[in-house]
Chemist: 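Submitted below is the structure of interest, expressed as structure tokens.
Both backbone and side-chain heavy atoms feed into the values below; hydrogens, waters and symmetry mates do not. These figures come from a predicted structure and were not determined experimentally.
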Amino acid sequence: MAYDIWYSIKGNRIKGGCVKGFEYDESGRLELDPKTNEHSVFYKVIEGSEDDAEWGRLSCTLLSSEEIVCYTYVLTRNNPEIVTDAGEVINLDDYLADSQVDSYDKVRLMTSLGAEKFINCENALLYDLKGRFLYVAVEMMGFGDAVLQDVRVSAVGDAFMNTFPQVYQERNSFFHRFMSIFSSVYGDIGEMNDNLFLMLDLDMCNQEMLETYGSWFGIDLKGGFLEEDVLRTLVKEAYHLNKIKGTKQCIRRILEIVLGEEVVLIENRVQGGGTYDVTVLISRHLTEDLRHQLTFLLDQFKPVRTRIRLLQMEKEAVMDGNSYMDMNATIPGEKHVVLDEESLYDGAITLT
């Protein structure tokens, strides 16, 4: 691989730093908050292995509107302590993480200490920088939407250079920077190959892959109409569901996966049902979206001429004067009310 060590900048380094005007999660994904005017991030310091440590490449994924300008500042030092103009000794990491200090003053200090500045850059070479401690800051200006994620920094640098004679191994030379283009591509492809196993892991792969795996079993799961945990369970059990396709057991299992609870299946005996009718009694609140999800899935597994009706059961069944007692029917309790003059009441209401 082209780079030996990668440092991923995720939620813990964001929490240890200073964030203004961004929403973030544990994966390190930053989303610009348009309601605020200031948008800056000063990450917690990254510590290398030794003094004068060499750094390779900073990479990230930036999705932003054309009106947004993203400035990235990268600074390296061997000593985290600095002396201010007033003669005060301060820790640079603590200073950058202090939310009370103005972001402009932080950027100005990093620039005065020799920080490299990159504009709207998703891949930046850090061959000029040497130091044990690496500081990264991001500042966005403009109006619109922006998302910054997958921020990483590589150490050691370009291993491609070790394959050439010593005379060509001058760091940060034209030849070095030119070869880094091919080295970066080679490294990214190698990393993708190393992580291919994640695409086959049903607990780790993304939702698009789950939909693809479902199609391999002849199940249409496209459109994002299912919650992710339900989708994963369906794909995991797709082979078994295909084996019992068209059976009562299959229909019941699909309903249990989607609803998360047991259901009651009644064949051709409810509301004048015919030979091919199946009625499903559901106790969970049946929204219109949920009804469409169940119907779409069950149509792929039910027998050809079967008609499935979904009925939502209430906790209590209230009967009128012409009803008879049957399964799931209860007699409601007495309702105590106070009636105004000339009010009407039926037999289910008693006077207090």
Side-chain angles (χ1 to χ4, degrees), residues 2-3 6-11 13-15 17-44 46 55-76 96-97 99 101-129 134-154 172 174 177-178 180-189 191-192 195 206-209 211 222-224:
Y3 298 97
W6 279 99
Y7 295 91
S8 295
I9 300 180
K10 297 186 177 181
R13 295 196 184 276
I14 298 177
K15 291 178 182 178
C18 180
V19 184
K20 293 183 179 180
F22 286 95
E23 298 290 338
Y24 68 91
D25 55 25
E26 291 299 325
S27 68
R29 182 180 185 273
L30 290 164
E31 184 172 355
L32 185 142
D33 184 1
K35 299 179 182 178
T36 60
N37 297 323
E38 184 179 357
H39 307 98
S40 62
V41 180
F42 295 85
Y43 294 102
K44 184 179 180 180
I46 299 175
W55 300 90
R57 179 166 63 110
L58 182 145
S59 68
C60 65
T61 301
L62 176 62
L63 303 173
S64 64
S65 305
E66 294 182 358
E67 297 79 7
I68 296 290
V69 180
C70 179
Y71 299 98
T72 304
Y73 302 89
V74 184
L75 171 68
T76 55
L96 297 178
S99 60
V101 180
D102 188 76
S103 299
Y104 175 78
D105 293 334
K106 297 178 184 179
V107 170
R108 184 175 58 179
L109 176 60
M110 292 183 66
T111 303
S112 66
L113 294 174
E116 292 278 353
K117 179 180 178 180
F118 306 96
I119 302 177
N120 291 342
C121 188
E122 293 186 277
N123 284 281
L125 297 179
L126 308 179
Y127 296 154
D128 285 338
L129 303 177
L134 184 135
Y135 304 86
V136 179
V138 175
E139 186 179 31
M140 291 190 185
M141 297 183 180
F143 299 95
D145 300 323
V147 173
L148 180 66
Q149 58 189 3
D150 302 327
V151 182
R152 303 187 306 161
V153 178
S154 67
N172 202 31
F174 171 79
R177 301 177 73 88
F178 176 74
S180 66
I181 299 174
F182 306 99
S183 178
S184 299
V185 173
Y186 174 81
D188 291 343
I189 293 176
E191 186 175 356
M192 290 175 58
N195 294 327
N206 57 38
Q207 188 164 335
E208 293 181 357
M209 290 304 303
E211 295 175 357
K222 295 181 180 179

Chemist: Do you know which two heavy atoms are closest between Ser59 and Asn123, and how far apart they sit?
Modeler: CB-OD1, 3.4 Å
Chemist: Looking at residues at least two apart in the chain, or sitting in another chain, which of them share a side chain to side chain contact (heavy atoms under 4.5 Å, CB included) with Glu67?
Modeler: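 Applying side chain to side chain contact (heavy atoms under 4.5 Å, CB included) to Glu67 gives Ser65.
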Chemist: Should Val151 and Arg13 count as side-chain neighbours, where that means a heavy-atom distance under 4.5 Å?
Modeler: no
Chemist: Indicate yes or no: at least one non-hydrogen side-chain atom of Phe22 is less than 4.5 angstrom from one of Thr36.
Modeler: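 Not touching, per the 4.5 Å side-chain cut-off.
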Chemist: Please find the pair of heavy atoms, one from Glu211 and one from Gly224, that lie closest to each other, and give the distance.
Modeler: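 Smallest interatomic distance, heavy atoms only, reads OE2-N, 3.5 Å.
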Chemist: Indicate the ring-plane relationship of Trp55 and Tyr7, choosing parallel, tilted or perpendicular according to the 30° and 60° boundaries.
Modeler: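 If you compare the ring of Trp55 with that of Tyr7, the planes turn out tilted.
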Chemist: Less than 4.5 Å apart, side chain to side chain, heavy atoms only: is that true for Leu126 and Leu134?
Modeler: yes
Chemist: To the nearest 0.5 Å, tell me how far Leu148 CG sits from Met140 CE.
Modeler: 5.0 Å
Chemist: I'd like to know if Lys20 pairs up with Glu139 as an ion pair, taking the criterion as any Lys NZ or Arg NE/NH1/NH2 lying under 4.0 Å from an Asp or Glu carboxylate oxygen.
Modeler: no
Chemist: CG of Asp105: more than 12 outside heavy atoms within 6.0 angstrom?
Modeler: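 Counting neighbours around CG of Asp105, more than 12 heavy atoms of other residues, nucleotides or ligands fall under 6.0 Å, so yes.
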Chemist: For residues 111-121, tabulate all N or O donor-acceptor pairs below 3.5 Å that involve a side-chain atom, not counting sequence neighbours.
Modeler:
residue, atom, partner, partner atom, Å
Thr111, OG1, Val107, O, 2.9
Ser112, OG, Arg108, O, 3.4
Ser112, OG, Leu109, O, 2.6
Asn120, OD1, Cys70, N, 2.7

Chemist: Testing Val19, Leu96, Ile14 one by one against Phe42 for a side chain to side chain contact (heavy atoms under 4.5 Å, CB included), which residue passes?
Modeler: Leu96
Chemist: Could you work out, with side-chain hydrogen bond (donor to acceptor under 3.5 Å, both in side chains) as the rule, every residue matching Glu31, not counting sequence neighbours?
Modeler: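 Result, side-chain hydrogen bond (donor to acceptor under 3.5 Å, both in side chains) vs Glu31: Arg29.
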Chemist: Give, for atom CD1 of Ile9 and atom CG of Leu58, the distance between the pair rounded to the nearest 0.5 Å.
Modeler: 6.5 Å
Chemist: Could you report the tightest heavy-atom contact between Glu122 and Leu62, atom names first, then the distance?
Modeler: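 Minimum heavy-atom separation between Glu122 and Leu62: OE2-N, 2.8 Å.
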Chemist: First locate atom CD of Gln149, then atom NZ of Lys10, and finally report the distance between them rounded to the nearest 0.5 Å.
Modeler: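 That separation rounds to 12.0 Å.
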Chemist: Looking at CG of Leu63 and CG of Leu32, how far apart are the two atoms once the value is rounded to the nearest 0.5 Å?
Modeler: 12.5 Å
Chemist: Please list, chain by chain and in numerical order, all residues satisfying side-chain hydrogen bond (donor to acceptor under 3.5 Å, both in side chains) with Glu23, sequence neighbours excluded.
Modeler: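 For Glu23 there are no side-chain hydrogen bond (donor to acceptor under 3.5 Å, both in side chains) partners, ignoring immediate neighbours.
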Chemist: With sequence neighbours left out, what residues match Asp128 under side-chain hydrogen bond (donor to acceptor under 3.5 Å, both in side chains)?
Modeler: Asn172
Chemist: Looking at Ser99 and Cys18, would you say the former's side chain and the latter's main chain have a donor-acceptor pair under 3.5 Å?
Modeler: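 No, because the side chain of Ser99 does not come within donor-acceptor range (under 3.5 Å) of the backbone of Cys18.
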Chemist: Nearest 0.5 Å, what's the CG-CG distance between Asp145 and Asp33?
Modeler: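 The distance works out to 10.5 Å.
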Chemist: With sequence neighbours excluded, what pairs up with Ser103 under the side-chain hydrogen bond (donor to acceptor under 3.5 Å, both in side chains) test?
Modeler: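 Once residues adjacent in sequence are excluded, the partners of Ser103 under the side-chain hydrogen bond (donor to acceptor under 3.5 Å, both in side chains) criterion are Glu38, Ser40.
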Chemist: Nearest 0.5 Å, what's the CE-CG distance between Met141 and Asn37?
Modeler: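 So the gap between those two atoms works out to 12.0 Å.
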Chemist: Using a 6.0 Å cut-off, check whether atom NZ of Lys106 has over 12 heavy atoms from anything other than its own residue.
Modeler: yes
